[in-house]
Amino acid sequence: LVQDFVPSSFEARNYVVAGKIRHVVYSSFERVDPHGYVRDFIEHPREGAIAHWLEGDERAMAHAERRMAKLISHWCTWFRCKHAFAPVPAIRIDVLVKRVSPGKVEVHTLELTELGFSMLSWRGGPDAVFSSLLASCFDDTGPTEDDARKLAALEERKGQAGVNGAAGAAPGGGAHACTSSDDE
């Protein structure tokens with residue numbers, strides 16, 4: 001297997017749960033060593049990614065988010081064609097982003113991960129991902145009455161514990177649907 005080199009400003013790791021982008025981690029490496037290996041993995045929040053890797057260009061980040069949403073929508077459609085029942089419970093779709101001019105970026109799929117992907121700094125990830133995985137176990141039959149009671153009790157315990165759903169939300173507000181009408 002040979003992988004093409006794709007110049008990039010940073011990597012956006014998109015956590016897609018039940019067909020929706022729930023969280024994005026922006027990452028890169030600080031340097032390339034004398035032997036050509038990348039070193040010193042770093043993450044930034046959205047604002048830090050704009051400041052450090054997009055030269056402060058908010059319009060470029062908005063363009064990147066639209067392009068990633070469209071790219072991920074295409075991947076979700078492809079997954080759905082391969083598995084006609086329900087959306088994939090969870091997947092991380094890594095995208096390379098390169099600022100090419102003011103307000104414009106190129107995006108390229110880097111990796112489609114398996115369900116055991118690293119969640120890095122996403123604190124709400126395990127709950128969101130494994131809840132989706134559990135729900136997918138009942139896609140074809142639905143839960144038994146006993147399982148339904150257990151699931152309801154689990155949801156009640158999560159509510160009492162004050163689980164904050166917004167912690168896993170994508171930048172700019174709630175979860176983004178895996179569809180986009182924006183062609184840019």
Side-chain angles (χ1 to χ4, degrees), residues 10-28 41-50 61-62 64-97 107 109-182:
F10 63 92
E11 182 177 344
R13 298 164 192 256
N14 294 269
Y15 296 85
V16 181
V17 179
K20 296 180 180 170
I21 300 171
R22 293 285 308 274
H23 187 74
V24 181
V25 169
Y26 305 95
S27 63
S28 190
F41 177 82
I42 55 171
E43 291 181 36
H44 282 295
R46 182 181 185 276
E47 297 75 24
I50 293 168
M61 179 61 86
E65 290 167 344
R66 290 190 309 271
R67 303 277 316 262
M68 287 188 296
K70 184 174 183 182
L71 180 62
I72 289 168
S73 175
H74 290 303
W75 278 117
C76 288
T77 299
W78 185 82
F79 293 137
R80 200 62 193 260
C81 290
K82 293 293 184 183
H83 179 66
F85 298 105
V88 173
I91 186 167
R92 195 183 78 207
I93 300 178
D94 298 347
V95 176
L96 293 175
V97 178
V107 299
T109 303
L110 175 63
E111 181 178 8
L112 306 173
T113 64
E114 77 288 349
L115 189 52
F117 53 77
S118 168
M119 295 184 210
L120 297 167
S121 60
W122 184 24
R123 292 178 195 246
D127 184 56
V129 168
F130 294 114
S131 293
S132 181
L133 176 60
L134 179 61
S136 75
C137 293
F138 302 110
D139 282 344
D140 58 342
T141 62
T144 64
E145 286 184 36
D146 187 44
D147 288 336
R149 280 193 299 278
K150 291 176 184 174
L151 290 168
L154 173 65
E155 289 302 317
E156 184 177 323
R157 282 195 308 275
K158 286 174 16 184
Q160 291 170 351
V163 173
N164 182 357
H176 299 291
C178 206
T179 60
S180 172
S181 61
D182 188 336

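Note: hydrogens, waters and symmetry copies are ignored here, and every other heavy atom, side chains too, is used.
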Mutual orientation of the aromatic rings belonging to Phe10 and Tyr26 [parallel < 30°, tilted 30-60°, perpendicular > 60°]: perpendicular
Roughly how far apart are Ile72 CD1 and Arg67 CZ, rounded to 0.5 Å? 12.5 Å
Would you compute the distance between atom CG of Leu110 and atom CG of Asn14 and round it to the nearest 0.5 angstrom? 11.5 Å
Could you give me the CA-CA distance, side-chain angles and deciding distance for Val97 and Glu11, then say whether side-chain contact (heavy atoms from CB on, under 4.5 Å) is met? CA-CA 6 Å; Val97 178; Glu11 182 177 344; over 6 Å; no
With Thr113, which residues qualify under side-chain contact (heavy atoms from CB on, under 4.5 Å), at least two apart? Ile91, Arg92, Asp94, Glu111, Phe117
Please evaluate residues Tyr15 and Val24 with respect to the criterion side-chain contact (heavy atoms from CB on, under 4.5 Å), reporting the C-alpha separation (whole Å), side-chain torsions for both, the decisive distance (0.1 Å), and the verdict. CA-CA 6 Å; Tyr15 296 85; Val24 181; 6.0 Å; no
Those residues that, when tested against Phe130, pass ring pair (Phe, Tyr, Trp, His ring centres under 6.0 Å) (two or more places apart): none
Heavy atoms of Ala90 and Val129 approach each other most closely as CB-CG1, 3.8 Å
For Ala69 and Ile21, work out which heavy atoms get closest and say how close. CA-CD1, 4.2 Å
Rounded to the nearest 0.5 Å, what separates atom NZ in Lys150 from atom OG1 in Thr144? 7.5 Å
Just jot down the side-chain hydrogen bond (donor to acceptor under 3.5 Å, both in side chains) partners of Ser121, sequence neighbours excluded, or say none. Glu43
Which residues pass the side-chain hydrogen bond (donor to acceptor under 3.5 Å, both in side chains) test with Ser27, sequence neighbours left out? Arg13
Determine the minimum heavy-atom distance between Arg123 and Pro126, stating which atoms define it. O-CD, 3.6 Å
Measure from the side-chain N and O atoms of Thr77 to the backbone N and O of Ser73, and report whether any donor-acceptor pair falls under 3.5 Å. yes
All heavy atoms of Ser132 vs all of Pro89, minimum pair found to be OG-O, 2.7 Å
Do Leu120 and Phe41 pass the side-chain contact (heavy atoms from CB on, under 4.5 Å) test, and can you show the C-alpha distance, the side-chain angles, and the key distance before you say yes or no? CA-CA 11 Å; Leu120 297 167; Phe41 177 82; 4.3 Å; yes
If you apply the rule side-chain contact (heavy atoms from CB on, under 4.5 Å), what do you find for His23 with Val25, and how did you get there? CA-CA 7 Å; His23 187 74; Val25 169; 3.8 Å; yes
Of all the heavy-atom pairs spanning Ala49 and Met61, show the shortest one and how long it is. CB-CE, 3.9 Å
Other residues, nucleotides, ligands: >12 heavy atoms within 6.0 Å of Glu114 CD: yes
